[in-house]
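Okay, structure first, notes after.
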Amino acid sequence: MQIHENFSLRPYNTFAIDAKARLFNKFSSAEELEEYLMLYSQYPVFVLGGGSNILFTKDYAGVVLKNEIKGIEVQHEDTEHVYVKTGAGENWHQFVLHCINHSWAGIENLSLIPGNVGASPIQNIGAYGVELDNVFWSLEAFHLAERRIHTFTMADCEFGYRDSIFKNSYKDQFAILSVTFQLRKKPIFHVSYGAITEELEKMGVKDLSIKAISQAVINIRSSKLPDPEKIANSGSFFKNPIVSGGKYEELKLKFPGIIAYPSVKGNVKLAAGWMIEQCGWKGYRKGDAGCHAKQALVLVNYGNATGKEIYDLSEEILQSVNEKFGVTLEREVNII
Ligand SMILES: Cc1cc2nc3c(=O)[nH]c(=O)nc-3n(C[C@H](O)[C@H](O)[C@H](O)COP(=O)(O)OP(=O)(O)OC[C@H]3O[C@@H](n4cnc5c(N)ncnc54)[C@H](O)[C@@H]3O)c2cc1C
């Protein structure tokens, strides 16, 4: 068993932050995970996926265990659905492509989201009108302290907008081992959100298919979002805040251009990127920490920014949005 000490996490987070882990290992089964937990029982544990939704603000004084559990397996089928169990360490986008190749529908709108399958329930990933909980069936997770496997159903996970029980009362308590998805044999197409219809027209698509939708989403995302391989980032840094209908009306009187979408129970979801832009942050750069020139919601590391510098910039942004709009932004990225 190879032990990595004082290990640089720079290649393992899309923000390219050069934080060090006291100890680092990869595991590819529940048994291997348990061995490491026994070996490192005196240290705190952090379970890592693809590192695309985290910001290390300092070195990690415990053990970082990277989940590399693989495998995609059909569990069972009924007339309408196929139930697919997938290892937490599978790459999310490769899994989406695998489903499309097998004509299993439901996650095509979630194409090109970075990261691994195991993290997908953590923040209930979503894009272009679809969220993970639309296709979630169950998951298996290893309780790090009890050292045993639990099964979670949809109700157990308490999914919300970029939220689940794993970001709240069960934060850092479980390593997700596998996720089972309920995918459709006959697709229901979601094309009304964002610029999907426009892109499909541009592509000259006559017969709508999950493959065409996936390609449209890939095209839109590639043109809009900075590629972490080129400029280090973790996608949207903040969530879009949800406010009451009354608060929205108040804001609309003061800021007629405000961008908003209907939410549940009469509430309204505001575009955080627009508010950040109105505060003058778009394209701002201080040292190597910055706010992307095309996507104000995305904070970037131009080279050697520290996690603390990115975090401090996020704090300044948060405060200025609060001062101007009276709305408190919440970070989507996990701060470590
Ligand atoms: C360019 C870009 C675009 C993005 N676009 C979107 C988008 O459209 N929609 C969206 O929802 N997200 C988006 N994201 C955010 C990110 O891709 C997702 O949140 C993704 O699910 C994170 O996966 P990961 O494996 O990289 O998780 P990590 O960053 O490794 O981990 C995130 C959190 O989950 C925990 N975790 C990871 N794996 C496990 C596991 N197996 N068991 C227990 N805990 C675990 C970690 O401890 C950490 O707290 C984007 C990110 C980038 C860089």
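Position 1 is the first residue of the sequence; numbering continues from there. Note that ligands are numbered from 1 as they come in the structure, with each ligand's atoms numbered from 1 the same way.
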Take every heavy atom of Arg162, measure it against each atom of ligand 1, and state whether any distance is under 4.0 Å.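 Per 4.0 Å heavy-atom rule, Arg162 contacts ligand 1.
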Looking at [Y] and [X], is any side-chain nitrogen of the basic one under 4.0 Å from a carboxylate oxygen of the acidic one?
X: Arg331; Y: Glu315; answer: yes
X: Arg184; Y: Glu80; answer: yes
X: Lys286; Y: Glu309; answer: no
X: Glu249; Y: Lys252; answer: no
X: Lys282; Y: Glu277; answer: yes

Numbered atoms and elements of ligand 1 in range of [X], under 4.0 angstrom, heavy atoms:
X: Ala175; answer: 42 (N), 43 (C)
X: Gly51; answer: 24 (P), 26 (O), 28 (P), 29 (O), 30 (O)
X: Gly115; answer: 23 (O), 24 (P), 25 (O), 26 (O)
X: Ile122; answer: 34 (O), 43 (C), 44 (N), 45 (C)
X: Ala127; answer: 8 (O)

Starting from [atom], find the nearest protein heavy-atom neighbour and note its residue, name and distance.
atom: atom 39 (C) of ligand 1; value: Val47 CG1, 3.9 Å
atom: atom 3 (C) of ligand 1; value: Arg221 NH2, 3.4 Å
atom: atom 20 (C) of ligand 1; value: Pro114 O, 3.5 Å
atom: atom 19 (O) of ligand 1; value: Gln123 NE2, 2.9 Å
atom: atom 33 (C) of ligand 1; value: Asn334 ND2, 3.5 Å
atom: atom 29 (O) of ligand 1; value: Asn53 N, 2.8 Å
atom: atom 25 (O) of ligand 1; value: Gly50 N, 2.7 Å
atom: atom 1 (C) of ligand 1; value: Asn233 OD1, 3.6 Å

Just to be sure I read this right, does ligand 1 sit under 4.0 Å from the backbone of [X], its side chain, both, or neither, counting only heavy atoms?
X: Ser52; answer: both
X: Asp227; answer: neither
X: Phe46; answer: side chain
X: Asn67; answer: side chain

Distance flag, aromatic centroids of Phe136 and Phe181, threshold under 6.0 Å: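 No, too far apart.
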Can [X] and [Y] be counted as having a side-chain donor-acceptor contact under 3.5 angstrom?
X: Thr14; Y: Ser52; answer: no
X: Asn240; Y: Tyr261; answer: no
X: Arg285; Y: Tyr302; answer: no

Got an N/O contact under 3.5 Å between [X] and ligand 1?
X: Pro228; value: no
X: Ile125; value: no
X: Asp172; value: no
X: Thr14; value: no
X: Gly126; value: yes

For His143, run the ring pair (Phe, Tyr, Trp, His ring centres under 6.0 Å) check against Phe166, Tyr170, Phe174 and tell me which one passes.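 Testing each of Phe166, Tyr170, Phe174 against His143, the sole residue satisfying ring pair (Phe, Tyr, Trp, His ring centres under 6.0 Å) is Phe174.
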In this structure, which one of Glu131, Arg162, Lys239, Glu332 forms a side chain to side chain donor-acceptor pair (under 3.5 Å) with Gln123?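 Result: among Glu131, Arg162, Lys239, Glu332, Glu332 is the only option passing the side chain to side chain donor-acceptor pair (under 3.5 Å) with Gln123.
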For the student: nearest non-hydrogen atoms of Ile107 and Val96, plus distance: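 Heavy atoms only, the tightest pair is O-CG1, 3.7 Å.
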Given Ile113, Asn91, Ile176, which has its nearest heavy atom closest to atom 13 (C) of ligand 1?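 Looking at heavy atoms only, the winner is Ile113.
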Salt bridge (Lys or Arg N to Asp or Glu O under 4.0 Å), that's the test. Do Glu77 and Lys185 meet it? Break it down for me. CA-CA 9 Å; Glu77 295 184 33; Lys185 292 180 175 174; 3.0 Å; yes
Working note: His98 + Trp104, criterion ring pair (Phe, Tyr, Trp, His ring centres under 6.0 Å); need CA distance, chi angles, decisive distance, verdict. CA-CA 9 Å; His98 180 92; Trp104 302 332; 5.7 Å; yes
